[in-house]
Protein chains: 2
Amino acid sequence: MLLLRELLREKGLKVTPQRLAILQTLKEGGHLSIEEIYQKLYAQFPSLSLATIYKNLHLLLERGIITELAIHNRHKFEIVKEPHSHFICEKCGKIEDIHLSPEICEKLNQKFPDSRQEVYIYGICPRCRGEKGEKE
Amino acid sequence: MLLLRELLREKGLKVTPQRLAILQTLKEGGHLSIEEIYQKLYAQFPSLSLATIYKNLHLLLERGIITELAIHNRHKFEIVKEPHSHFICEKCGKIEDIHLSPEICEKLNQKFPDSRQEVYIYGICPRCRGEKGEKE
DNA sequence: CTAATTGCAAATTGTTTGCATATTC
DNA sequence: GAATATGCAAACAATTTGCAATTAG
């Protein structure tokens, strides 16, 4: 289990309540947009400014503490963790971490050594698929 | 070889010089951002407005004539063609179409039936890797 | 105490909208 | 001629910057 304050110190960043809160939110929320982070934090930090979030996300990206997902035009961020891919439901918009099978990963790595693969799978999630009364 | 004007008519869009130019540019350029399209067209169409490009790209997306690539935060567009993936050079930023091996495609389709996969491979392209005098 | 961080307001950049004019079919 | 498209300017939204006040180490 990663201690957020240590993570920050390790990377040479000061530990501030705002930073911890941003990381904590990402940790809980999984994949969040800037606006979502702002909304979630507004309750505990009415003084928190968007500028601070922007500045921090840039810093955290730079230091490799978080990554940015390119889900079409909605930027999402998540804390760096083990390599994984993403499934995006085209109906409800939910994003889920998925793990490709070892064979696929191996094949990709074989074909593109020394590279980083980002795989996005767009489809309908089980929940949306299964629901009888169409949600929308 | 696809005739752009027919493509437009098929989809119920009127054929205008601006539209043709935008499509032509995309066809030649491969993957272009809005700004890039604008730059390229400015020479032949000094009157062309960004608003027109925005409006047209939305329409073309809607009708499935073009697709949008989510390359981190730089939106790129390209004309719809056979399924393919993209390689992005982290050094020079070049984007190249790549084709995954049939085995990988098959495995992905098996694992995620009825879905669309977007695969981005980030690495250093041969040109950047090979050049002795570092470009930057 | 020093350097980094915050948060405001202003500046900048990116995108969308309304509407009068022009164009396509 | 009717419906659609263009392009301008204005509106709106997203992101960045400068800076004085505050905080972490």
Side-chain angles (χ1 to χ4, degrees), chain A residues 3-26 31-63 65-77, chain B residues 3-26 31-63 65-77:
Chain A
L3 250 187
L4 298 179
R5 38 180 74 250
E6 289 188 359
L7 190 56
L8 287 172
R9 283 216 195 82
E10 256 176 38
K11 304 284 184 168
L13 295 175
K14 289 192 173 169
V15 177
T16 68
Q18 291 87 339
R19 248 166 221 171
L20 284 177
I22 290 171
L23 286 177
Q24 186 60 39
T25 308
L26 278 176
H31 326 80
L32 300 173
S33 68
I34 289 185
E35 205 50 41
E36 286 167 340
I37 295 171
Y38 184 60
Q39 295 304 332
K40 280 186 193 285
L41 288 181
Y42 191 74
Q44 12 167 349
F45 275 99
S47 78
L48 183 70
S49 81
L50 262 175
T52 299
I53 299 185
Y54 276 105
K55 284 170 185 168
N56 274 306
L57 289 179
H58 286 315
L59 265 177
L60 296 170
L61 273 175
E62 248 181 58
R63 312 286 168 118
I65 298 176
I66 63 175
T67 43
E68 186 174 8
L69 307 187
I71 310 288
H72 276 158
N73 52 16
R74 318 239 118 267
H75 305 177
K76 300 276 185 169
F77 299 87
Chain B
L3 250 188
L4 298 180
R5 38 179 76 248
E6 289 187 2
L7 191 55
L8 287 173
R9 284 216 195 83
E10 255 175 39
K11 304 283 185 171
L13 295 175
K14 289 190 173 170
V15 177
T16 68
Q18 291 87 340
R19 249 168 219 170
L20 283 176
I22 291 172
L23 285 176
Q24 186 59 38
T25 308
L26 278 175
H31 327 81
L32 301 173
S33 68
I34 289 184
E35 205 49 41
E36 286 166 340
I37 295 172
Y38 184 60
Q39 295 304 331
K40 280 186 192 285
L41 287 181
Y42 191 74
Q44 11 168 348
F45 275 100
S47 77
L48 184 69
S49 82
L50 262 177
T52 298
I53 298 185
Y54 276 105
K55 285 170 185 168
N56 274 306
L57 290 178
H58 286 315
L59 265 178
L60 296 170
L61 274 174
E62 249 180 58
R63 312 285 167 118
I65 298 177
I66 63 175
T67 44
E68 186 173 8
L69 307 187
I71 309 289
H72 276 157
N73 53 16
R74 317 240 120 267
H75 304 177
K76 299 276 186 169
F77 299 86

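The analysis underlying the following values was restricted to heavy atoms, covering all of them including side chains, and did not include hydrogens, waters or symmetry mates. Letters A, B, ... mirror the listed sequences (proteins, then strands); counts begin at 1.
The backbone N or O of A/Ala21 sits less than 3.5 Å from a side-chain atom of A/Thr25, completing a donor-acceptor pair. Between the side chain of A/Glu10 and the backbone N or O of A/Leu7 there is no donor-acceptor pair closer than 3.5 Å.
Here the CG atom belonging to B/Leu60 is positioned 11.0 Å from the OG1 atom belonging to B/Thr67, to the nearest 0.5 angstrom.
Note on B/Pro17: only backbone sugar-phosphate atoms sit closer than 4.0 angstrom, heavy atoms only; bases stay farther off. When heavy atoms are screened at a 4.0 angstrom cut-off, B/Leu48 is found touching the sugar-phosphate backbone but no base atom. Within 4.0 Å (heavy atoms only), B/Ser47 reaches sugar-phosphate atoms of the nucleic acid but no base atom.
Straight-line distance from the CZ atom of B/Arg5 to the P atom of C/dC25: 8 Å, rounded to whole Å. One interatomic measurement links the two molecules: CG of B/Leu50 to P of D/dA9, which rounds to 13 Å at whole-angstrom precision. Per the geometry, CD belonging to A/Glu62 stands 15 Å off C1' belonging to C/dT5, to the nearest Å. Spacing between atom CG of A/Leu57 and atom P of C/dG7 amounts to 14 Å, rounded to whole angstrom units. Distance CG (B/Leu8) to P (D/dT6): 10 Å, rounded to an integer number of Å. Nucleotide D/dT4 holds its P atom 16 Å from the CZ atom of B/Arg9, rounded to whole Å. Distance A/Lys14 NZ to D/dT23 C1': 8 Å, rounded to the nearest Å. Atom CD1 of A/Ile53 is separated from atom P of C/dT6 by 11 Å (rounded to the nearest Å).
Minimum heavy-atom separation, B/Leu48 to B/Gln18: CD1-CG, 3.6 Å. Nearest heavy atom pair, residue B/Arg19 against residue B/Leu8, reads CB-CD1, 4.0 Å.
Using a 4.0 Å cut-off, some side-chain N or O of A/Gln18 falls inside it from OP1 or OP2 of C/dG7. The phosphate of C/dT23 (OP1 or OP2) has no side-chain N or O of B/Thr16 nearer than 4.0 angstrom. For D/dT16, the OP1/OP2 oxygens have a side-chain nitrogen or oxygen of A/His58 closer than 4.0 Å. Residue B/Tyr54 places no side-chain N or O under 4.0 Å from the OP1 or OP2 atom of C/dT16.
The side chain of B/Ile34 has C/dT15 as its nearest neighbour among C/dT5, C/dT15, D/dG7.
Judged by closest nucleotide on DNA chain C, A/Arg19 is the one of B/Leu13 and A/Arg19 placed further toward the 5' end. Nearest-nucleotide assignment on DNA chain D puts the 5′-proximal partner with B/Asn56, out of B/Asn56 and A/Val15.
In this model, no side-chain donor or acceptor of B/Lys55 finds a partner on the base of D/dA5 within 3.5 Å.
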